> 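There's a structure below that I have some questions on.
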Amino acid sequence: MENFTLNNGAKIPSIGVGVWRIDDAEIAYNTIELALSLGYRHIDTAMIYGNEEAVGKAIKDSGIAREEIFLTTKLWNDDQRSGRVMEAIDASLERLGMDYVDLYLVHWPVKETYVSVWKKMEEVYKSGKAKVIGVSNYQPHHLDDLLQVAEVVPAVNQIECNPYLSQEAVIEYCKGKGIYPEAWGPLGAGKTDLLIDPVLTGIAKVHGKSAAQVVLRWNLQRGVIVIPKSVHEARLIENLNAIDFTLTADQMKQISNLDKNLRLGSHPDNFDF
Ligand SMILES: NC(=O)c1ccc[n+]([C@@H]2O[C@H](COP(=O)([O-])OP(=O)(O)OC[C@H]3O[C@@H](n4cnc5c(N)ncnc54)[C@H](OP(=O)(O)O)[C@@H]3O)[C@@H](O)[C@H]2O)c1
């Protein structure tokens, strides 16, 4: 498994498994148990996904040393609004049955608090309860404001990103500031025809790979972390095997040209939760 190095020196496996919408505790537990047995060492959860307890238990029961696993969870918007950031990470750690997470992200840039919350995130970082802190769904203008007050530069910005929403401007901005871009919904969240796009299936055929692997590879090759979600063994294996081939510069360009600014999730400047 390839690692990327974050701005404080921490290593993050370039491919993780996401667990959004795995609401059933047993399915969440089984998915993480399976993913770890297949070689995943990076898991992306959040308080709001409601499965931190199952994820933590599966990690513990795996017998794999805690330091070999990179675990992300996120600060939900209500806790951001109330300013209860240390309390929120403590509650997440309690559910996870852990004394630290590898990465703690501000889940969304809540308009009133997306800057001030960062000082509280820095306290979490200094407490050692998160080895790395970052943000999610931040646009460059949010980061510009945050960086005015930051002592610790966010290590990661997790954003919606796939070939139909290539996010080139945000990614370039982040790279310029030492912030690692990370793609959520990297496969189009199962909501689009992305994986049957003829450009992608054509490139996949050339490499003897699937369109999903090509899509993940495209992001990895441009230095973007990916966290595809699946509850199925064959797909978990497929997604993890997006590493053993290289797209040509022309193929990278063809994929980037598929961008149509198609956002499946909410816009970071306009969300109501
Ligand atoms: N920060 C944020 O605001 C935010 C927002 C959304 C998501 N996330 C994180 O990002 C993770 C990934 O995003 P996502 O779950 O929305 O979408 P995704 O990973 O792009 O897509 C998941 C969907 O694709 C299917 N799938 C998985 N592998 C496949 C393959 N190889 N071939 C065909 N279909 C495949 C899955 O179905 P099966 O499970 O049935 O295989 C599921 O329906 C989430 O789980 C979560 O951890 C973060």
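Just so you know, these numbers come straight off a predicted model, no measurement behind them. Whatever order the structure lists them in is the order used to number ligands and atoms, beginning at 1.
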> For ligand 1, indicate whether the residue N239 contacts it via side chain, backbone, both or neither (heavy-atom separation under 4.0 Å).
side chain
> Report the part of E238 in contact with ligand 1, treating N, CA, C, O as backbone and CB onward as side chain, heavy atoms under 4.0 Å; options are side chain, backbone, both, neither.
side chain
> What is the nearest protein non-hydrogen atom to atom 41 (O) of ligand 1, stated with its residue, atom name and distance?
S230 OG, 2.6 Å
> Could you identify the single nearest non-hydrogen protein atom to atom 46 (C) of ligand 1 and state the distance to 0.1 Å?
Y49 OH, 3.4 Å
> For the hydrophobic clusters of this structure (ILVMFWY residues joined by side-chain heavy atoms under 4.5 Å, transitively), does one cluster hold both Y104 and Y49?
yes
> Could you walk me through whether M47 and L75 pass side-chain contact (heavy atoms from CB on, under 4.5 Å), step by step?
CA-CA 7 Å; M47 174 274 176; L75 173 73; over 6 Å; no
> Under 4.0 Å, heavy atoms only, figure out whether ligand 1 is touched by the backbone of N137, its side chain, both or neither.
side chain
> To the nearest 0.1 Å, how far is atom 24 (O) of ligand 1 from its closest protein heavy atom, and which atom is that?
G190 N, 4.0 Å
> Would you say P186 touches ligand 1, if touching means a heavy atom closer than 4.0 Å?
yes
> Would you mind telling me if ligand 1 is within reach of the side chain of A189, the backbone, both or neither, using heavy atoms under 4.0 Å?
both
> Out of curiosity, does V214 fall in the hydrophobic cluster containing I237 (side-chain heavy atoms, cut-off under 4.5 Å, transitive links)?
yes
> Just let me know how A212 lines up against ligand 1, side chain, backbone, both or neither, with a heavy-atom cut-off below 4.0 Å.
side chain
> Which residue and non-hydrogen atom of the protein lie closest to atom 47 (O) of ligand 1, and at what distance in Å?
D44 OD1, 2.7 Å
> Considering non-hydrogen atoms of the protein only, which is the closest contact for atom 13 (O) of ligand 1, and what is the distance?
G185 N, 3.0 Å
> How far is atom 5 (C) of ligand 1 from the closest protein heavy atom, and which atom is that?
W184 CD2, 3.1 Å
> Find out whether H142 and D269 are in side-chain contact, i.e. whether some heavy atom of one side chain is under 4.5 Å from a heavy atom of the other.
yes
> Is the closest N or O pair between P228 and ligand 1 shorter than 3.5 Å?
no
> side-chain hydrogen bond (donor to acceptor under 3.5 Å, both in side chains) between S256 and W218: does it pass, once the steps are laid out?
CA-CA 8 Å; S256 295; W218 165 77; 3.1 Å; yes
> Under 4.0 Å from a heavy atom of Q158: which atoms of ligand 1 are those, numbered in the order shown and with their elements?
1 (N), 2 (C), 4 (C), 8 (N), 9 (C), 48 (C)
> How about W108 and F273: are their ring centroids closer than 6.0 Å?
yes
> Kindly confirm or rule out an N or O of V231 lying under 3.5 angstrom from an N or O of ligand 1.
yes
> Looking only at protein heavy atoms, which one is nearest to atom 12 (C) of ligand 1, and how far off is it?
I227 O, 3.1 Å
> Could you list which atoms of ligand 1 come closer than 4.0 Å to a heavy atom of W108?
3 (O)
> Validate the cation-pi geometry between R66 and Y100: distance from NZ or CZ to the six-membered ring centre under 6.0 Å, angle to the ring axis within 45°.
yes
> Any chance you could measure L143, atom CG, to I179, atom CD1, to the nearest 0.5 Å?
4.5 Å
> Checking a contact table here: which protein heavy atom is nearest atom 19 (O) of ligand 1, and how many Å away?
K229 N, 2.9 Å
> Let me know which of V106, N137, D145 forms a side chain to side chain contact (heavy atoms under 4.5 Å, CB included) with Y114.
D145
> Please work out whether any backbone atom (N, CA, C, O) or any side-chain heavy atom from C-beta onward of T45 is under 4.0 Å from ligand 1, and answer side chain, backbone, both or neither.
neither
> Is there a side-chain contact between H42 and V17, using heavy atoms and a 4.5 Å cut-off?
no
> Flag yes if V206 and I255 sit in one hydrophobic cluster, no otherwise; membership is Ile, Leu, Val, Met, Phe, Trp, Tyr, and two members link when side-chain heavy atoms are under 4.5 Å apart.
no
> Do L194 and L220 sit in the same hydrophobic cluster, where Ile, Leu, Val, Met, Phe, Trp and Tyr count as joined when their side-chain heavy atoms come under 4.5 Å apart?
yes
> Measuring from atom 32 (N) of ligand 1, which candidate in H107, R235, Q213 has the nearest non-hydrogen atom?
R235
